[in-house]
Each structure stands twice: as C-alpha cells, then as structure tokens.
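First comes the structure, then the notes that go with it.
Whatever order the structure lists ligands and atoms in, that order sets their numbers, starting from 1.
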Amino acid sequence: MTILAIETSCDETAVAVLEAGESEGATRFRVRGNALLSQIDIHREYGGVYPMLAKREHAKNLVPLLASALEEAELLHEDAQAIDPGLLTEALQLLEREPGLSEAFSAFIRETERPALDAIAVTAGPGLAPALWVGVNFAKALSRVWGIPLVAVNHMEGHLLAALAQPQEDGSLMVGTQGLPVVALLISGGHTELVLMNEWRKYTVLGTTRDDAVGEAFDKVARMLDLPYPGGPEISRLAERDREDARTNPFSLPRPMLHTDDLDFSFSGLKTAVLYIVKARPELSETEKAQLARAFEDAVAEVLIKKTARALADTGARTLVMGGGVAGNTHLQRVFAERLSSEFPSVTLAIPSRELTTDNAVMIGLAGYYAARDRDYADPTTLAADGNLSLG
Ligand code: KG4
Ligand code: ZN
C-alpha cells in the first residue's frame with residue numbers, strides 16, 4: 001500500500017510518501033519520498049510560533065513539498081490534460097478558505113498525472129487550528145480531485161508510532177505489534193500526556209498537564225534566559241554544560257504535583273518560580289543561567305519520571321515509549337534509561353530516531369497506514385481539523 005502523508009499542525013510543513021507491507025506479524029515501511037520545511041527561522045524572530053504566520057507559510061510550501069516528495073518517490077509524471085475540469089472545480093471549492101494555496105494547487109493538478117497512491121493521510125489534530133486547516137483542506141482537495149481515499153491522523157499517535165518504528169539496515173522502518181501494553185509519555189510543545197495502549201492502537205489517556213505543556217515550559221524559560229526559540233535544545237545545551245562542570249547548584253525549584261495521587265502534571269508553577277529568580281537577579285551570569293537551566297531540567301525530569309514510573313507499575317506495561325519533540329532531550333533520555341534498568345528491567349524503552357523525534361510527515365504516514373488498512377476513511381467533504389483532538 002502506498003500512502004501520501006501531510007503534516008501541518010505547528011511550524012513544520014511536511015509531506016512524505018510511504019510504502020507499507022505486512023511481513024510476519026510486523027509492518028515494513030519504506031520511505032519513498034520525504035520533504036520537510038521548518039519555519040523555525042521565521043518564528044524565531046518573534047520568539048514563538050504565530051498561528052497565522054504558520055498558516056501562510058504552510059499554504060506557500062505545500063505544493064512545492066508535495067511535488068518534491070512525489071518526485072523522490074518517482075510518482076511525479078507530467079500530463080498536459082491530466083484532469084477533468086469539473087472535478088478540479090469541486091476540489092477548488094474545498095480550498096476556498098486557502099487563497100494562498102488554490103492557485104498553486106490548480107496549476108499543479110492541471111499538469112500532473114494522478115499518482116498511484118492508495119490513501120492520503122493528513123494530521124487532523126491536535127495542534128494550531130489555522131495551521132491544521134491548511135493541511136486538512138489541501139488533503140481533502142487532493143483526495144477529491146484524484147479520487148483517493150482520505151484518512152485523518154491524530155498527531156500524537158504519529159509521535160507514538162514513530163517511537164515504535166525500528167530503523168533497519170536497508171533504511172526501512174519495522175513496526176511490530178509485540179510489547180503490549182505500551183505506556184507512552186508524549187511530550188511536545190503543545191502536549192504532555194501519559195497514554196496507555198493496551199491493545200494495538202486502542203488508547204486511554206492516563207494523565208495530562210493541567211496547564212502548560214513541557215515543551216512550552218522549556219520555550220518560556222528559555223525566553224526568560226534570553227535564549228532563542230525553540231528553547232528546549234538551548235536549555236538542554238546549557239544544562240549539559242553545567243552538569244559537566246559538576247558544581248553544586250545554588251538554585252532549587254519546585255516539583256509541582258510530584259506527590260499527587262494521579263498521573264497529571266503541572267508546569268506553570270515551575271515556570272513562574274524561574275521567573276521570580278530571573279526578576280530578582282536581572283544580571284544573571286552565563287554560569288548562573290546554565291545552573292538555572294539545569295535546575296529546571298532536573299525538576300522537569302523528576303516529575304515526569306515519577307508519574308511515568310507510577311503508570312508503568314499500575315499498568316504492568318512491557319514497553320515505555322517517549323515521543324514528541326521534548327523526548328529528544330539528552331538528560332531525560334538518560335534518566336529514563338537509568339530508572340528503567342534499576343526499577344523496571346523488563347520494560348523496553350522505545351525512543352524515535354532523531355529525524356522522527358520532532359514533527360514530520362513520516363510518522364503521520366505510519367499512523368495513516370493502519371487507519372487505511374482498517375478502511376477507517378474520513379469523508380473528504382466533511383473532515384474538520386480539531387486543535388484539541390485527543391487520543392482515545
Ligand atoms: O513535537 P514537536 O516538534 O512539535 C510539537 O508538536 O509541539 O515539539 C517541539 C517542542 C518545542 O517546545 C521544543 O522546545 C521542544 O519540543 N524540544 C526540546 C528539545 N528539542 C525540542 N525540549 C527539550 N529538550 C530538547 N532537546
Ligand atoms: Zn509534535
């Protein structure tokens with residue numbers, strides 16, 4: 001089965017073509033085309049992601065990225081009379097709200113032969129609504145004009161499956177269905193969730209953040225320390241440097257909700273605690289900034305690990321997935337691996353490869369494949385983006 005996947009939930013525009021096949025209880029995915037454009041440099045000027053700016057950039061980049069992914073997959077063929085004008089009109093109606101996109105779409109469709117695809121997968125949520133809508137409308141229009149089934153993907157499922165995808169020597173990705181139950185700690189710029197997968201692709205949310213997402217807290221603390229967006233990698237770099245120096249840390253920060261009898265999180269109090277320190281000491285030295293970054297990372301790690309350990313114990317999980325942009329954090333990966341080997345030696349830790357950690361379309365193709373295989377199709381006339389879409 002060949003799948004086209006489209007991701008526009010935040011500040012990455014991404015299009016991928018995956019070929020999937022079943023072999024011995026597992027699925028092998030070959031990434032035939034993969035095009036991604038990050039808007040980070042644009043948003044960095046503003047210190048964060050602006051939804052309307054993200055939307056405009058997605059609209060500008062989707063057609064070129066589609067062409068590039070199809071070309072890499074050897075599925076791009078020119079044809080001067082490729083399309084029935086009536087169908088094109090119907091498809092363009094689905095793009096009425098995307099003026100920046102419809103002209104490029106129309107020109108591309110007129111000249112391109114219908115590619116041999118079995119499904120079009122698109123992120124329907126969660127994420128920034130204006131950004132999600134561009135991708136959803138684009139996918140609906142493509143589905144309509146080419147008569148290819150559409151599947152709606154939950155972005156968080158994409159992050160989860162990306163961690164379960166094991167890179168093979170030949171470059172393909174294998175996803176097995178063993179290792180259940182899976183507990184997934186999904187930590188990104190918009191989300192912080194502990195999710196249980198008891199049966200294959202059946203999800204229960206065990207806990208979430210009550211306020212800020214972990215990545216959001218990293219980004220806000222970075223801003224207080226005058227570090228550029230996105231803040232996670234910057235904080236991590238400083239904190240790692242401070243750990244190498246192995247000085248005692250003068251800062252100690254709260255661990256919100258560490259002892260509550262649930263699997264929820266809260267990060268806004270931690271962020272505010274950093275703010276008070278920064279306000280009280282407007283002239284923080286580079287060393288102090290690194291110490292504060294480390295104190296912040298230690299506090300985050302402690303609460304994440306405490307609740308995750310409880311979820312593992314409660315559910316008898318055999319696999320722990322760490323997914324989402326923040327899961328790329330070196331310190332978190334290290335402390336989670338240590339804790340598993342000391343306390344849960346039979347639990348396997350699944351972390352995505354570096355390219356699949358932050359937002360991408362390959363992970364949307366992984367989730368999209370299973371939905372398409374189950375014929376869980378979306379209606380191309382009514383599918384709606386949902387910024388708050390939840391798993392399970
Ligand atoms: O999953 P992702 O690429 O986009 C969303 O779906 O949100 O995650 C982006 C978030 C940002 O908040 C970024 O600061 C954070 O992940 N991040 C990190 C690291 N790399 C990215 N946070 C901590 N440590 C990192 N190494
Ligand atoms: Zn994400």
query = With the threshold set at 4.0 Å, does a side-chain nitrogen-carboxylate oxygen contact exist between E57 and K60?
reply = yes
Distance-only polar pair, side chains of K307 and T260, donor-acceptor under 3.5 Å = yes
message = Under a plain distance cut-off of 3.5 Å, with no hydrogens placed, do E22 and T27 share a side-chain donor-acceptor pair?
response = yes
task = Could you tell me if any non-hydrogen atom of E297 lies under 4.0 Å from any atom of ligand 1?
result = no
request  = With heavy atoms of G215 as the reference, note each atom of ligand 1 found under 4.0 Å away.
outcome  = 12 (O)
inquiry  = Test of geometry: compute the angle OD1(D359)-the Zn ion (ligand 2)-NE2(H155) and round it to 10°.
reply    = 90°
task = Assess H191 for proximity to ligand 1: is some non-hydrogen atom of it under 4.0 Å away?
result = no
message = For atom 10 (C) of ligand 1, what is the closest protein heavy atom, and at what distance to 0.1 Å?
response = G189 N, 3.5 Å
inquiry  = For ligand 1, which is the ligand I care about here, please tell me if T358 has any N or O atom under 3.5 Å from one of the ligand's N or O atoms.
reply    = no
inquiry  = Minimum distance, heavy atoms only, to atom 26 (N) of ligand 1: which one of N329, T357, T330 is it?
reply    = N329
ask   = Quick one: does E216 get an N or O within less than 3.5 Å of an N or O on ligand 1?
value = no
inquiry  = At less than 4.0 angstrom from any non-hydrogen atom of H159, what atoms of ligand 1 do you find?
reply    = 1 (O), 6 (O)
ask   = Can any side-chain N or O of T308 pair as donor or acceptor with the backbone N or O of L304 at less than 3.5 Å?
value = yes
Parallel, tilted or perpendicular, as decided by the 30° and 60° cut-offs, for the rings of F267 and F265 = parallel
ask   = Do Q291 and N249 meet the criterion of a side-chain donor-acceptor pair at a distance under 3.5 Å?
value = no
query = Regarding S106 and R110, is there a side-chain donor-to-acceptor distance under 3.5 Å anywhere?
reply = yes
ask   = Taking both backbone and side-chain atoms of F218, is any N or O found less than 3.5 Å from an N or O belonging to ligand 1?
value = no
key: Heteroatom proximity flag, C10 to ligand 1, N/O under 3.5 Å   = no
inquiry  = Could you work out, for atom 23 (C) of ligand 1, the closest of P230, G158, G232, G328 by heavy-atom distance?
reply    = G232
request  = Would you kindly say whether E72 and N34 are connected by a side-chain donor-acceptor distance under 3.5 Å?
outcome  = no
ask   = Please state which protein non-hydrogen atom is closest to atom 8 (O) of ligand 1 and give its distance, to 0.1 Å?
value = G325 CA, 3.4 Å
message = To check your reading of the model: name the closest protein heavy atom to atom 5 (C) of ligand 1, its residue, and the distance in Å.
response = D359 OD2, 3.4 Å
task = Please confirm if an N, O or S atom belonging to C10, backbone or side chain, lies less than 2.8 Å from the Zn ion (ligand 2).
result = no
ask   = Side chains of D211 and S266: donor-acceptor distance under 3.5 Å anywhere?
value = yes
inquiry  = For F251 together with F296, are the ring centres under 6.0 Å from each other?
reply    = no
note = Near G190 (heavy-atom distance under 4.0 Å), the atoms of ligand 1 are 7 (O)
query = Would L164 and V362 show up in the same hydrophobic cluster when neighbours are defined by side-chain heavy atoms closer than 4.5 Å?
reply = yes
task = With the side chain counted from C-beta on, respond yes when K279 and M224 share a heavy-atom pair under 4.5 Å apart, and no when they do not.
result = no
ask   = Looking only at protein heavy atoms, which one is nearest to atom 13 (C) of ligand 1, and how far off is it?
value = D219 OD1, 3.8 Å
task = Specify the protein heavy atom at minimum distance from atom 15 (C) of ligand 1: its residue, its atom name, and the distance to 0.1 Å.
result = V326 CG2, 3.8 Å
query = Going by distance only, is there an N or O of E12 that falls short of 3.5 Å from an N or O of ligand 1?
reply = no
